[in-house]
A.B. asks: 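Right, I'll just put the structure down here and ask away after.
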Amino acid sequence: MLKPQTSPTRELVGLDGLWKFAVDTSVPASPWTATLPTQLEAAVPASYNDLFADAAIRDHVGWVWYQRSVRVPRGWAGERVFVRLDAATHEGVVYVDDTKVAEHVGGYTPFEADITDVVTAGGEFRLTIGVSNELTNITIPPGKVTVTDDGGRTQDYLHDFFNYAGLARSVWLYSAPAVRVSDITITTDLDGSTGIVGFDIETTGADSVNVTLRDAAGEVVATGDGIAGALRVQDVRLWQPGAAYLYTLTAQAIVAGDVVDEYSLPVGVRTIEVRGTEFLINGTPFYFTGFGRHEDSAIRGKGHDNAYLVHDFQLMDWIGANSFRTSHYPYAEEVMEFADRHGIVVIDEVGAVGLNLAMGGGIFGGQAAPTFSPETINDRTRETHAQAIRELIARDKNHPSVVMWSITNEPASNEDGAREYFEPLVSLTRELDPTRPVTFVNVMFSTFENDLIADLFDVICLNRYYGWYVDSGDLKTAERKLEAELLGWQEKFARPLIMTEYGADTVPGYHSIYDSPFTEEYQTSFLEMYHRVHDRIPAIVGEQVWNFADFQTKNGFARVDGNKKGVFTRDRKPKAAAHALRTRWTAPRDAD
Ligand code: BDP
């Protein structure tokens, strides 16, 4: 799905700013076809939860409404007009005046509607967007709504981050010609020093298509025509981790010899290959350093913010991180584009987190229901999951920074039904994108001996908490167990392993001379212990600490003001471990 842009044939109007806002207390929600009777205003983009001094809004379960008036530029007569939401978390419905123009399920991928027939150039309309935060056993991620004794509604879920909701990303109005470029798929390869840029272009009825590739200086390096083909670039400059180089591909839709639409896209030429236990980028073994992250900051919740974007990438550069995982959902497209431009490698994860009812057993050891069953995670959940994968790949397939798809985080991959559930999803991912490896992120209690799905994947990502949830405070025992387990995975699967989560909650400013959990010293010793082990296991091709920064989690006794495993605080101050990581990650790596 193409991101809206301005071009000689397209115009774009940002609709971010302050919108009227109201919580819908009627259940089921009624479509809002009048001016919202409210004094509240909400910032877009931002999650709405932490904006107001009102617990009833923060913890509301169900629909909320956003509304503003929009004027269509008068020069858009004769053009198609679209409204585009970069995300509505988790379900969205869009009205232009009284007409429903779009509905969408899935909180982290964009959707749009052609509203040409219900607006007029130069005219104004009322744009109303309903957003629901409800999670059920058939949403991705899943959750559960409970009606309380007093008729209220509460929501629970199995993922360890606050269920921020609303319009956390931008909303746009854009124009495009009736006959236009509607999709572009780029693949890249290398033939000696010649880069090959494959293209596949969809239009809404063009006679033909022209394609031009320009280098970073704007010089044309290759041209082509037709809806599909391959451009050859002599002495290509590769997109390299830490040294991005981007070409620009421009596609023009032609009707009766005239250019009717033009769309441009950055292109990074690079190859990815999994060979034995190695992960190769441009034929060279790559070792991932970096983090699992969250879109999370004070007040905005998951609201996209370009200042945080710039600062977070600065901190990643400072610490020597060459990569991150979009744990546990697709991030804003601005983040992906920034990674493309700055040579940061991304493991791109779909929002399938919490598919593991054993997590619900909790510390009271409650017997969890089976994860995969008609009443719990079932065929309909898998359909939603498949759709989330389709939408992720449709959105992110052209980003050179994306080197691998992660189709789930910590599912119950040791439980009956896991293979039946995941096998079709792995096939679907490969079918949609045959060029990138596919991975999943394995949970600690699904070991190399009882996991039922790991062999389906090219790379195995592991989240391990020896020394934290297990053997807390006993790093010696933790080190022995971690090494024994990793040797088991290496031996049995003989493919690349990435440690995608390892971390310890740490209260900044809390110190001890002993191995005391929660101290800054313990976080550093914990990470160093993992690093010793990683260096002894050749199949380990990367380490991504959990987490880049402290983040907000759901209410409950298990967390004090959120998850504190950040190497940076929520406002991005370094804990002691940040300096230790920087020492390791900025040192030249020995050739393996
Ligand atoms: C893992 C999850 C992650 C949690 C982390 C933790 O993948 O989302 O935040 O553990 O407990 O289970 O800190």
Side-chain angles (χ1 to χ4, degrees), residues 107-108 135 140-143 156-164 290-296 301-302 324-331 347-363 368 371 406-415 439-447 451 453 460-473 478 482 485 497-508 517-518 522-523 526-527 530 542-570 575 577:
Y108 302 104
L135 299 173
I140 290 295
D156 198 13
Y157 41 88
L158 296 171
H159 51 271
D160 182 36
F161 52 94
F162 189 85
N163 186 35
Y164 282 117
F291 300 96
R293 298 177 55 203
H294 267 298
E295 293 189 305
D296 178 271
K302 296 204 172 302
F324 65 90
R325 174 170 61 118
T326 68
S327 42
H328 298 305
Y329 39 81
Y331 289 3
I347 301 173
D348 204 357
E349 186 160 284
V350 79
V353 54
L355 277 65
N356 198 330
L357 270 58
M359 297 281 202
I363 61 166
T371 298
S406 162
I407 67 164
T408 183
N409 180 71
E410 296 195 345
S413 53
N414 55 324
E415 282 188 37
T439 191
F440 86 113
V441 179
N442 164 285
V443 68
M444 185 155 182
F445 45 76
S446 179
T447 66
D451 182 278
I453 66 170
I460 301 169
C461 292
L462 301 168
N463 293 351
R464 290 299 178 269
Y465 287 94
Y466 294 105
W468 190 252
Y469 293 121
V470 177
D471 301 310
S472 187
L482 176 66
E485 200 204 333
L497 308 174
I498 302 175
M499 186 63 68
T500 36
E501 283 186 33
Y502 60 115
D505 285 86
T506 303
V507 178
F518 295 102
Y522 190 73
Q523 186 180 35
F526 174 102
L527 298 177
Y530 275 73
E543 53 197 39
Q544 294 184 330
V545 172
W546 191 253
N547 188 285
F548 172 71
D550 294 346
F551 57 93
Q552 197 48 265
T553 55
K554 64 183 174 185
N555 298 337
F557 56 78
R559 301 266 183 249
V560 181
D561 191 28
N563 189 308
K564 294 266 182 276
K565 295 191 186 69
V567 165
F568 296 93
T569 59
R570 202 180 190 206
K575 299 180 189 171

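One-based numbering, in listed order, for ligands and for the atoms of each. The figures here come from the full heavy-atom set of this structure, side chains too, leaving out hydrogens, waters and symmetry mates.
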A.B. asks: For ligand 1, what are the residues with a heavy-atom contact below 4.0 Å?
C.D. replies: Asp160, His328, Asn409, Glu410, Asn463, Tyr465, Tyr469, Glu501, Trp546, Phe551, Arg559, Asn563, Lys565

A.B. asks: Can you name the residues that form a salt bridge (charged side-chain N to carboxylate O under 4.0 Å, His left out) with Arg325, not counting sequence neighbours?
C.D. replies: Glu349, Glu501

A.B. asks: Can you tell me which residue among Tyr331, Phe162, Tyr164, Trp546 is in a ring-ring contact (aromatic ring centres under 6.0 Å, His included) with His294?
C.D. replies: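 Single ring-ring contact (aromatic ring centres under 6.0 Å, His included) partner of His294 among Tyr331, Phe162, Tyr164, Trp546: Trp546.
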
A.B. asks: Do the side chains of Lys575 and Asp550 get close enough for a salt bridge, i.e. N-O under 4.0 angstrom?
C.D. replies: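 Result for this pair is yes, salt bridge flagged.
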
A.B. asks: Testing Asn463, Thr500, Asn356 one by one against Asn409 for a side-chain hydrogen bond (donor to acceptor under 3.5 Å, both in side chains), which residue passes?
C.D. replies: Asn463

A.B. asks: Do we see a donor-acceptor contact under 3.5 Å between the side chains of Tyr108 and Glu295?
C.D. replies: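 The criterion, which ignores hydrogens and geometry beyond distance, is not satisfied for Glu295 and Tyr108.
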
A.B. asks: Donor-acceptor check, side chain of Thr439 to backbone of Ser406, threshold 3.5 angstrom: yes or no?
C.D. replies: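 Absent.
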
